[in-house]
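All values below come from the heavy atoms of this structure, side chains included, with hydrogens, waters and symmetry mates left out. Order of the sequence lines fixes the chain letters, A, B, ..., with proteins taken first and strands second; residue numbering starts at 1 for each chain. A quick note: this is a predicted structure, and the numbers were derived from the prediction, not measured.
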Amino acid sequence: MLKDDFSDLEMQRLNKLEQLRAIGQEPYPLRAHKSHTNASAVALFEKAEAEGSQEPVEVVLAGRLRAIRHMGKLSFAHIEDRTGKIQLLMRVNEIGAEKLDEFVRFYDLGDFIEASGQMMRTRRGEVTLQVQDFRMLSKALLPLPADKDETVDGEVVRHAQLTDPETRYRRRYVDLAVNPEVREIFRVRAETVKAIRAFLDERDFMEVETPILQPIYGGAAARPFTTYHNQLHQELFLRISFELYLKRLLVGGLDRVYEIGRDFRNEGVSFKHNPEFTQLEFYMAYADYNSIMAITEQLVAETAQKVLGTMKVQFGGQEIDLTPPWNRIQIRQGLIDQAGIDIHQYPDADSLAAAMREKGIAFKPDVSRGKLINTLLETYLEPIMIQPTFLYDYPRDISPLAKAKLDDPTTVERFEGYVGGMEICNAFTELNDPLDQEQRFLEMGHTYSEDEEERNPMDEDYLQAMAYGMPPNGGLGLGIDRLVMLLTGQHTLREVILFPHLREADDKPQEKKPDEK
RNA sequence: GGGCGCGUAGCUCAAUGGCAGAGCAGCGGCCUUUUAAGCCGUUUGUUGGGAGUUCGAUCCUCCCCGCGCUCACCA
């Protein structure tokens, strides 16, 4: 039972709850009767004040008790709702000794209360609700972390703030309840997604939903999560991307489609990787990677403007200017400049590997030319792309769904967008030639060994769809979580994902799982 | 998965191979304009879990759990 684990502190609160019931006060009443938000009550009072009105401003406010200061025959408190905090003043003159005593004895920080009365201004000038009556809306049995705010020269200084990351992520509700800046991050996140939708909707894109449980996964090089449908006796994969389904829709005449949703990748966790993450993908018929580049920088810049009111963000101690046009670096030229290697002089993996070895660059042996080039990108280019940059023209062998360049069959029309040294999007002129696509699938089958899980399986139905005719198109995948990191100045995905993945908390240490060795 | 670091009261953090502490929160008082309210008094704990060394372990050693950083992985 819940209360079996209660500490003395928590038992005290439970006692208070029972005492409230004993005097006929329901600690969890069915309904509240809040008439104003805290902010609107303040605004209402200030307006009346400005107009010199003598009419009392009567309101019913509700919120969570965040500060209590008892002073004998009166008590001050602050309650907080979604619009902020407001001070309550409870005087024995208005509410009577019995009611004041009730507040002192049975109400704790963290409780939700409702209070009615008239707005007034204290001697110190704070707009305050002078309480006529109040009641419990919800008794909190567990105490919230005891933070306290101090105002020094107008700056709010937080004391004893909840900072332990494990508590913050595992009990995000507590984190949100006591850390307003965390609530702000998720407000920005919600606004970001809203702005992206608006941007695409305005351009006649149609939002769609495609399968998350897929019989064949594809569209990215990643290991999938697997699951099983009991009735159908079918192995299923959680999608690693939306790509192949969205492009099928282009075949069906849906020229502009997008989806915002969750991808799942069974890989390591890091500051920029979470096993499930939110992705935007859109596909646009009759576009190519050049037009997608232009739309992408516009999308990100407009979103920042709408959400933050500026296209300049602070990230990693640097100011990043998202205003279009972004930098554009062709991979070959970028590597000539930064690594001193012209990849065109090394048409195969062996020769490129030799050149890299000569320069003392560490790399994994026995990988494709494309993967070697990718290593070069990560080493030489990624870290320096702080200001928004499109890196373009990728190796064909690591881009099986992108169309090759006319004058260079080893290179495809693909770009990735980097901001703050972090990849935020990936796009290409989509391959729409079914025979070429089939060839690519076959090549992937050779490039990756049978047991490599990021090997993309041949998707026969996708090929068939393409064989019916797919309009030329460009598509984009953009990591929403990473974009929100950028817009909120956070340096780990965990800060922008409400419930980030953590290892399972084990209350009974020493006990190994049965299947563990 | 590897390496490094961390885990002490509800929160933030001290401490020492020898009785485990402070502030806030809590509890009991005083207090009618406070706002980290103040003043007086007072309680907290399996020092993440287990084992070992030791007369004695929160401290040293080992194992386990969790978190963080980092490497690997991640077109």
message: Heavy atoms only, 4.0 Å cut-off, all strands: where does A:Gly370 land among base, sugar-phosphate and nothing?
response: nothing
Between CD of A:Glu267 and P of B:C71 the distance, given in whole Å, is 17 Å
If we take the P atom in both B:C24 and B:U35, what is their distance in whole Å? 15 Å
Next on the checklist: Would you measure the distance from the C1' atom in B:U47 across to the matching atom in B:G17 and give it in whole Å?
Outcome noted: 15 Å
Salt bridge or not for A:Glu46 and A:Arg121, using N-O below 4.0 Å?
yes
Q) With rounding to whole Å, what would you report as the distance between B:C13 and B:G1 at their C1' atoms? A) 34 Å
Contacts of A:Phe282 meeting ring-ring contact (aromatic ring centres under 6.0 Å, His included) (sequence neighbours excluded), chain-then-number -> A:Phe205
With sugar-phosphate taken as primed atoms, P, OP1 and OP2 and all else as base, the protein-contact string of nucleotides 37-45 of chain B at under 4.0 Å (heavy atoms; B, S, -) is B--------
Taken in chain and number order and not counting sequence neighbours, the residues that satisfy side chain to side chain donor-acceptor pair (under 3.5 Å) with A:Thr429 are A:Glu413
| field | Any A:Arg124 side-chain nitrogen or oxygen under 4.0 Å from OP1 or OP2 of B:U35 | value | yes
Residues at least two apart in sequence or cross-chain that pass side-chain contact (heavy atoms from CB on, under 4.5 Å) with A:Ala41, listed by chain then number, are A:His36, A:Val59, A:Leu61, A:Ile86, A:Met119
Sorted by chain and residue number, the ring-ring contact (aromatic ring centres under 6.0 Å, His included) partners of A:Tyr289 (sequence neighbours excluded) come out as none
In short, salt bridge (charged side-chain N to carboxylate O under 4.0 Å, His left out) pairs touching residues 422-433 of chain A with sequence neighbours left out are A:Lys247-A:Glu430
Exercise for review: May I ask you to decide if A:Gly84's main-chain N or O and A:Asn38's side chain share a donor-acceptor pair within less than 3.5 Å?
Suggested key: yes
By side chain to side chain donor-acceptor pair (under 3.5 Å), A:Gln490 pairs with (sequence neighbours left out) none
What protein N or O atoms touch nucleotides 67-69 of chain B N or O atoms at under 3.5 angstrom, if any, and at what distances?
residue, atom, partner, partner atom, Å
B:C67, OP1, A:Arg170, NH2, 3.1
B:C67, OP1, A:Arg503, N, 2.7
B:C67, OP2, A:Arg503, NE, 3.1
B:C67, O4', A:Glu166, OE1, 3.0
B:G68, OP1, A:Arg494, NE, 3.1
B:C69, OP1, A:Arg494, NH2, 3.0
B:C69, OP2, A:Arg494, NH2, 2.7

dist A:Asp175:CG -> A:Glu181:CD (nearest 0.5 Å) comes out at 8.0 Å
Rounded to whole Å, the CD-P distance (A:Gln130 to B:U32) equals 16 Å
Original post:
Contact class for A:Thr163 vs. all strands (heavy atom < 4.0 Å): base, sugar-phosphate, or nothing?
Top reply: sugar-phosphate
In whole angstroms, the gap separating P of B:A75 from CD1 of A:Ile398 amounts to 9 Å
A:Lys371 NZ to B:A72 P, in whole Å, measures 14 Å
So, with a heavy-atom separation below 4.0 Å from RNA chain B, the residues of residues 86-96 of chain A are A:Gln87, A:Leu89, A:Arg91, A:Val92, A:Asn93
**Prompt:** C1' atom, B:C6 versus B:G38: distance in rounded Å?
**Reply:** 38 Å
Residues at least two apart in sequence or cross-chain that pass ring-ring contact (aromatic ring centres under 6.0 Å, His included) with A:His70, listed by chain then number, are A:Phe103
By nearest-heavy-atom nucleotide on RNA chain B, the more 5' of A:Leu162 and A:Leu109 is A:Leu162
Write down the distance separating the C1' atoms in B:G21 and B:U58, rounded off to the nearest Å.
13 Å
Nearest-nucleotide check on RNA chain B, A:Leu144 vs A:Phe76; residue mapping nearer the 5' end is A:Leu144
Stems of at least 3 consecutive Watson-Crick or G-U wobble pairs (donor-acceptor distances under 3.5 Å) involving RNA chain B, listed by first number, are B:1-7 with B:65-71, B:10-13 with B:21-24, B:26-30 with B:38-42, B:48-52 with B:60-64
Output for pair (A:Leu372 CG, A:Ser351 OG), nearest 0.5 Å, gives 9.5 Å
### Message
Please report the distance separating the C1' of B:G18 from the corresponding atom of B:G26, rounded so that it comes out in whole Å.
### Response
31 Å
Given the P atoms of B:G68 and B:U8, what is the spacing between them in whole Å? 15 Å
What about A:Glu126: does its side chain form a donor-acceptor pair under 3.5 Å with the base of B:U35? yes
Across all chains, not counting sequence neighbours, the ring-ring contact (aromatic ring centres under 6.0 Å, His included) partners of A:His501 are none
Should the pair A:Arg171 and A:Tyr173 be classed as cation-pi, given the thresholds of under 6.0 Å to the six-membered ring centre and 45° from the axis?
no
- May I ask you to say what A:Ser399 touches in the nucleic acid, namely base, sugar-phosphate or nothing, with a heavy-atom cut-off under 4.0 Å? nothing
Picking from B:U32, B:A36, B:C27, the nucleotide nearest the side-chain atoms of A:Glu150 would be B:A36
Q) If we take the C1' atom in both B:A14 and B:G45, what is their distance in whole Å? A) 15 Å
- Output field: ring centroids A:Tyr392/A:Phe415 closer than 6.0 Å: no
Check: A:Phe134 ring centre within less than 6.0 Å of A:Tyr107 ring centre: yes
note: A:Leu129, atom CG; B:U33, atom P; distance rounded to Å ~ 18 Å
Looking at A:Phe390, I'd like to know if the NZ or CZ of A:Arg328 sits under 6.0 Å from its six-membered ring centre while staying within 45 degrees of the ring's axis. no
Requested in this report: Would you classify A:Lys16 as touching base, sugar-phosphate or nothing, given that sugar-phosphate means primed atoms plus P, OP1 and OP2, and contacts are heavy atoms under 4.0 Å?
Outcome: sugar-phosphate
Between CD1 of A:Ile331 and P of B:A75 the distance, given in whole Å, is 14 Å
A:Leu377 atom CG is separated from B:C74 atom C1', nearest whole Å, by 14 Å
From CG of A:Asp101 across to P of B:G28 the rounded distance in Å is 10 Å
